[in-house]
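Single-structure report; data block below.
Only heavy atoms go into these numbers, but all of them, side chains included; no hydrogens, no water, no symmetry mates.
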Amino acid sequence: TKDFKVYKKFGRITEATIDDRDVYLFPEKVGGRYAMISRPKFKNAGVKMPSIWISFGDDLIEYDKPELLMTGEQWWECQRMGGGTPPIKTEYGWFMLYHGVDEKGIYRVGAVLMDLEDPRKIIARTKDFLMEPEHDYETCGIYEGCVFPTGTVVKDGTLYVYYGTADTYIGLATADFNELLNY
């Protein structure tokens with residue numbers, strides 16, 4: 001596996017190699033640049049586990065070197081963590097769901113609020129998880145014990161979270177979005 005490299009020739013990509021997971025773009029430019037959340041697989045990156053990184057680019061092809069955004073702090077995110085859903089712009093900051101994996105391989109969901117002007121600055125982060133596998137369709141399947149958020153929609157003050165369950169089904173969870181932001 002090579003580090004991230006993109007070669008451009010005559011305006012086309014001629015080669016791109018990356019070992020990356022959980023890649024999400026912000027829905028709009030931040031400070032005039034594209035912003036991307038990812039979990040690149042770096043060797044000797046200075047963190048003990050796969051973590052969430054952020055990078056910026058002037059186009060949708062080439063990005064600056066990723067910067068560490070956050071790494072596991074709680075017991076439920078001690079093995080690895082990664083993005084979950086594209087960030088949502090709110091009056092308080094960029095809201096994003098992410099996933100954390102514990103030592104037994106159980107996937108849970110947390111949330112983070114990042115600064116609107118500089119999303120490298122974390123305003124708030126949940127200490128406890130918001131979702132965990134509890135129903136049969138979340139605990140039994142191809143990957144047992146997994147809730148993995150992948151998409152969100154806010155409509156009439158309700159946050160709709162579409163999430164994968166045990167790598168087998170798709171679930172839908174809802175929450176009062178303002179209540180969640182205050183939390």
Side-chain angles (χ1 to χ4, degrees), residues 20-30 34-39 49-55 68-183:
D20 211 342
R21 315 257 185 327
D22 312 327
V23 179
Y24 304 93
L25 292 174
F26 281 65
E28 63 184 66
K29 289 183 177 180
V30 178
Y34 293 99
M36 178 175 66
I37 297 289
S38 65
R39 190 182 80 196
M49 59 184 276
S51 302
I52 299 175
W53 298 71
I54 189 168
S55 54
L68 181 64
L69 180 64
M70 54 195 250
T71 192
E73 296 175 352
Q74 307 303 323
W75 68 268
W76 59 272
E77 55 188 27
C78 69
Q79 188 183 90
R80 67 181 168 276
M81 60 187 312
T85 61
I88 299 170
K89 187 176 186 177
T90 75
E91 63 183 294
Y92 306 107
W94 292 103
F95 173 87
M96 183 180 77
L97 296 176
Y98 68 94
H99 71 275
V101 183
D102 71 11
E103 63 186 17
K104 294 179 181 177
I106 305 297
Y107 281 70
R108 292 178 177 84
V109 178
V112 63
L113 194 62
M114 300 166 280
D115 186 81
L116 284 175
E117 305 290 321
D118 185 358
R120 294 173 296 190
K121 296 177 184 173
I122 294 179
I123 297 169
R125 178 175 167 185
T126 55
K127 290 187 182 200
D128 204 0
F129 54 86
L130 301 175
M131 292 174 63
E132 73 173 335
E134 54 185 324
H135 303 289
D136 288 345
Y137 56 89
E138 298 166 338
T139 59
C140 301
I142 295 169
Y143 192 97
E144 298 179 348
C146 179
V147 290
F148 195 102
T150 56
T152 53
V153 175
V154 178
K155 183 168 173 52
D156 299 326
T158 299
L159 176 68
Y160 294 83
V161 180
Y162 296 88
Y163 66 102
T165 67
D167 285 2
T168 306
Y169 303 105
I170 297 171
L172 173 62
T174 61
D176 180 288
F177 193 45
N178 284 326
E179 188 177 311
L180 185 55
L181 285 171
N182 288 329
Y183 173 76

Check: Considering only heavy atoms from C-beta outward, does the side chain of Leu130 approach that of Tyr183 to under 4.5 Å?
Finding: yes
Next item on the list: Just jot down the ring pair (Phe, Tyr, Trp, His ring centres under 6.0 Å) partners of Phe95, sequence neighbours excluded, or say none.
Entry: Phe177
Next item on the list: Tell me, yes or no, whether the heavy-atom count around Ile122 atom CD1, taken from other residues, nucleotides or ligands under 6.0 Å, exceeds 12.
Entry: yes
Check: Residues in side chain to side chain donor-acceptor pair (under 3.5 Å) with Arg120, at least two apart?
Finding: Glu67, Asp118
Margin query: Between Met70 and Val112, is there a side-chain heavy-atom distance shorter than 4.5 Å?
Written below: yes
Check: How far apart are the C-alpha atoms of Ile54 and Phe26, what are their side-chain angles, what is the distance that settles it, and do they pass the side-chain contact (heavy atoms from CB on, under 4.5 Å) test?
Finding: CA-CA 10 Å; Ile54 189 168; Phe26 281 65; 4.1 Å; yes
Item checked: Validation row: Thr165, Ile170 side chains within 4.5 angstrom (heavy atoms) -> no
Checklist line | Close side-chain approach of Tyr98 and Thr126, heavy atoms under 4.5 Å | finding: yes
Checklist line | Lys/Arg-Asp/Glu bridge criterion (N-O < 4.0 Å) met for Arg125, Glu73 | finding: yes
Next item on the list: Determine whether Leu116 and Trp94 make a side-chain contact, defined as any pair of heavy atoms from C-beta on separated by less than 4.5 Å.
Entry: yes
Next item on the list: For residues Ile106 and Arg108, determine if any side-chain heavy atom of one lies less than 4.5 Å from a side-chain heavy atom of the other.
Entry: yes
Check: Leu159 versus Thr152: any side-chain heavy-atom pair under 4.5 Å?
Finding: yes
Next item on the list: Please say whether more than 12 non-hydrogen atoms of neighbouring residues, nucleotides or ligands are located less than 6.0 Å from NZ in Lys121.
Entry: no
Notebook entry, point to check: Can you name the closest pair of heavy atoms from Pro119 and Leu69 and give their distance?
Noted result: O-CD1, 3.3 Å
Notebook entry, point to check: Are Leu181 and Leu113 close enough, and set up right, to give a side-chain contact (heavy atoms from CB on, under 4.5 Å), and what steps lead you there?
Noted result: CA-CA 8 Å; Leu181 285 171; Leu113 194 62; 4.3 Å; yes
Only distances under 3.5 Å count here; give the side-chain donor-acceptor pairs of residues 79-91 to other protein atoms, sequence neighbours excluded, each with its distance to 0.1 Å.
| residue | atom | partner | partner atom | Å |
| --- | --- | --- | --- | --- |
| Arg80 | NH2 | Tyr107 | OH | 2.8 |
| Thr85 | OG1 | Leu97 | N | 3.4 |
| Lys89 | NZ | Glu28 | OE2 | 2.9 |
| Thr90 | OG1 | Tyr92 | N | 3.1 |
| Thr90 | OG1 | Gly93 | N | 3.1 |
| Thr90 | OG1 | Gly93 | O | 2.6 |

Notebook entry, point to check: Can you find a heavy atom in the side chain of Tyr163 that is under 4.5 Å from one in the side chain of Glu138?
Noted result: yes
Next item on the list: Using a cut-off of 6.0 Å, state whether more than 12 heavy atoms not belonging to Tyr169 lie near its atom OH.
Entry: no
